[in-house]
Protein chains: 2
Amino acid sequence: MKNLESNPENDISTEGKIKNAARTVFHKKGFAAARTRDIAEEAGINLALLNYYFRSKEKLFNIVMLETFQNFFASIATVFNDSDSSLEGKIEKFASDYIDLLFQEPEIPLFIMSEIRNNPVELMKRIDLKGAVFNSVFFKQYIERVKEGKIKELHFLHFMMNFMGLIAFPFIAKPLLKELSGSNEEQFNEIVAERKTLIPVWMKAILTS
Amino acid sequence: MKNLESNPENDISTEGKIKNAARTVFHKKGFAAARTRDIAEEAGINLALLNYYFRSKEKLFNIVMLETFQNFFASIATVFNDSDSSLEGKIEKFASDYIDLLFQEPEIPLFIMSEIRNNPVELMKRIDLKGAVFNSVFFKQYIERVKEGKIKELHFLHFMMNFMGLIAFPFIAKPLLKELSGSNEEQFNEIVAERKTLIPVWMKAILTS
DNA sequence: GTCTATAACGTGATAGAC
DNA sequence: GTCTATCACGTTATAGAC
């Protein structure tokens with residue numbers, strides 16, 4: 001699974017530096033709390049240049065947000081449509097790859113959920129999530145498994161809530177969960193890493209319970 | 001389980017009206033995106049009164065945030081420390097009660113996670129989450145069950161991630177999940193309501209898999 | 001206590017020199 | 001293209017009348 005970002009860090013153009021900085025700051029603080037001055041500083045350039053290249057904070061944000069969103073779901077689609085693997089294989093691969101990905105960019109789930117809250121419609125119009133799900137090989141295999149009676153009849157939405165939640169929730173609730181468990185960064189990450197192999201086992205247990 | 005809020009809606013004092021309005025607006029938009037004008041309007045009072053009573057936006061926010069946070073976890077502690085019920089009974093009761101609670105205030109999980117991100121330490125210092133967890137009857141029963149060999153040996157943090165995630169994630173990711181599944185509000189809520197009884201079954205499956 | 005009017009401030013955006 | 005300086009605006013906060 002490739003990196004979530006299309007602009008690698010070795011993008012040394014000014015425009016690229018600004019976009020990378022914007023991504024960092026927006027992901028960490030969200031649109032409303034992020035200041036263009038923060039972004040300029042992070043990029044090591046002057047505030048005026050930001051507007052020179054991107055016209056406005058909002059335009060810059062829309063670019064970053066759309067890219068993040070697209071990359072986030074493109075990486076889902078890849079695994080979901082691999083035609084060589086079984087349903088179980090896809091579950092294993094997805095859990096493992098996605099948790100690795102989230103270790104690299106842990107703020108993304110909370111960022112996406114927060115920003116969608118403030119902009120429920122606009123963004124998702126541009127990506128056909130529904131189609132991507134229901135036309136995926138993964139979905140067809142799921143339905144097939146249910147028909148065969150190999151797994152319990154369970155609304156696919158439940159499945160997605162469970163699967164995505166088990167993967168993403170530790171990253172969304174990390175500060176809380178660390179505090180609540182008294183873990184330090186290292187211990188916490190170790191536990192989360194274990195989930196790469198545990199989640200597929202649990203999903204199977206859920207689907208056959 | 002009591003309502004999350006300590007200031008009921010029949011609080012007709014001006015101070016109470018402002019606080020209730022602030023809670024509504026902050027929960028929906030977060031600190032940075034919320035405007036004091038929005039809060040004043042929501043409360044049906046003048047902007048100047050907000051500062052008269054609470055001095056500043058930040059002070060008002062801190063009050064609301066602390067209250068939300070305390071109430072949120074007070075309602076956890078209640079179920080977790082009921083000494084009359086078994087571990088399984090607590091899981092059932094908690095899942096059911098908490099999902100009902102979140103139907104009343106669906107923005108709270110995302111609100112809490114978002115605001116903790118911007119203020120990781122301050123807030124949680126004031127509540128001994130760690131102690132509340134490890135001293136709870138629930139935790140002791142969990143450890144006991146593991147010792148008995150009745151459930152799998154699984155780090156309690158995994159258990160909490162799974163349990164909390166299964167309950168809260170649908171509310172955190174609601175706009176996304178609705179879009180992705182093509183559900184309308186009613187259909188979505190129906191599915192989530194089913195989880196009140198499904199989650200205990202799944203937790204059991206996870207713990208014995 | 002509650003209001004109107006306004007001050008003070010922070011932030012996004014631009015003008016203009018280089 | 002890049003910078004410094006500054007403007008323009010929205011929002012928080014306060015002064016002062018009632």
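Order of the sequence lines sets the chain letters (A, B, ...), proteins ahead of strands, with each chain counted from 1.
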- Item | d(CD, B/Glu41; C1', D/dG10) in whole Å | 16 Å

- Message: Once you apply a heavy-atom cut-off of 4.0 Å, does A/Ala34 come out as touching a base, just sugar-phosphate, or nothing?
- Response: sugar-phosphate

- For atom CD of A/Glu58 and atom C1' of C/dT11, their distance in whole Å: 15 Å

- Message: Please tell me if A/Tyr52 has a side-chain N or O lying less than 4.0 Å from either OP1 or OP2 of C/dA13.
- Response: no

- A/Tyr53 OH to C/dT14 C1': how many Å, rounded? 17 Å

- Item | 4.5 Å side-chain heavy-atom contact, B/Glu41 and B/Val25 | no

- Is any side-chain heavy atom of A/Phe69 less than 4.5 Å from a side-chain heavy atom of A/Glu115? no

- Any B/Thr36 side-chain nitrogen or oxygen under 4.0 Å from OP1 or OP2 of D/dT11: no

- Task: Please report the closest heavy-atom contact between B/Glu67 and B/Arg23, naming both atoms and the distance.
- Result: OE1-NH1, 3.2 Å

- Verify the contact: side-chain N or O of A/Thr14 to OP1 or OP2 of D/dT2, cut-off strictly under 4.0 Å; return yes or no. yes

- Query: For the pair made of CG in B/Leu50 and C1' in D/dT11, what is the distance, rounded to whole Å?
  - Reply: 12 Å

- A/Lys17 has an atom NZ; how far is it from atom P of D/dC3, in whole Å? 8 Å

- Message: Just to be sure I follow the notation: if a pair is Watson-Crick (purine N1 to pyrimidine N3 plus N6-O4 or O6-N4) or a G-U wobble (N1-O2 and O6-N3), each under 3.5 Å, what dot-bracket string does DNA chain D give, with | for pairs to another strand?
- Response: ||||||||||||||||||

- Query: Can you check whether A/Phe188's main-chain N or O pairs, donor with acceptor, with A/Lys178's side chain at less than 3.5 Å?
  - Reply: no

- Message: Give me the atom names and distance for the closest heavy-atom approach of B/Met113 to A/Leu176.
- Response: CE-CD2, 3.7 Å

- Message: From the set D/dA13, C/dG12, C/dT2, return the single nucleotide nearest to any side-chain atom of B/Asn51.
- Response: D/dA13

- Task: May I ask you to test the A/Phe156-A/Val133 pair for a side-chain heavy-atom distance under 4.5 Å?
- Result: yes

- Task: Among D/dC3, C/dA13, D/dA13, find the nucleotide with the atom closest to the side chain of A/Leu49.
- Result: D/dC3

- Query: Is it true that a side-chain atom of B/Gln141 and a backbone atom of B/Ser85 form a donor plus acceptor pair closer than 3.5 Å?
  - Reply: yes

- Message: Within the structure provided, determine whether B/Lys174 and B/Val192 are in side-chain contact (heavy-atom separation under 4.5 Å).
- Response: no

- Message: By the 4.0 Å heavy-atom rule, please label A/Ala40 as base, sugar-phosphate, or nothing.
- Response: nothing

- Mind calculating the distance between CZ (B/Arg55) and C1' (C/dA8) to the nearest angstrom? 15 Å

- Heavy-atom closest contact (A/Phe80 atom, A/Phe94 atom, distance): CE1-CD1, 4.1 Å

Please tabulate, one pair per line, each protein N/O and nucleotide N/O from nucleotides 4-6 of chain C that are separated by under 3.5 Å, including the distance.
from: C/dT4; atom 1: OP2; to: B/Asn46; atom 2: ND2; distance (Å): 2.9

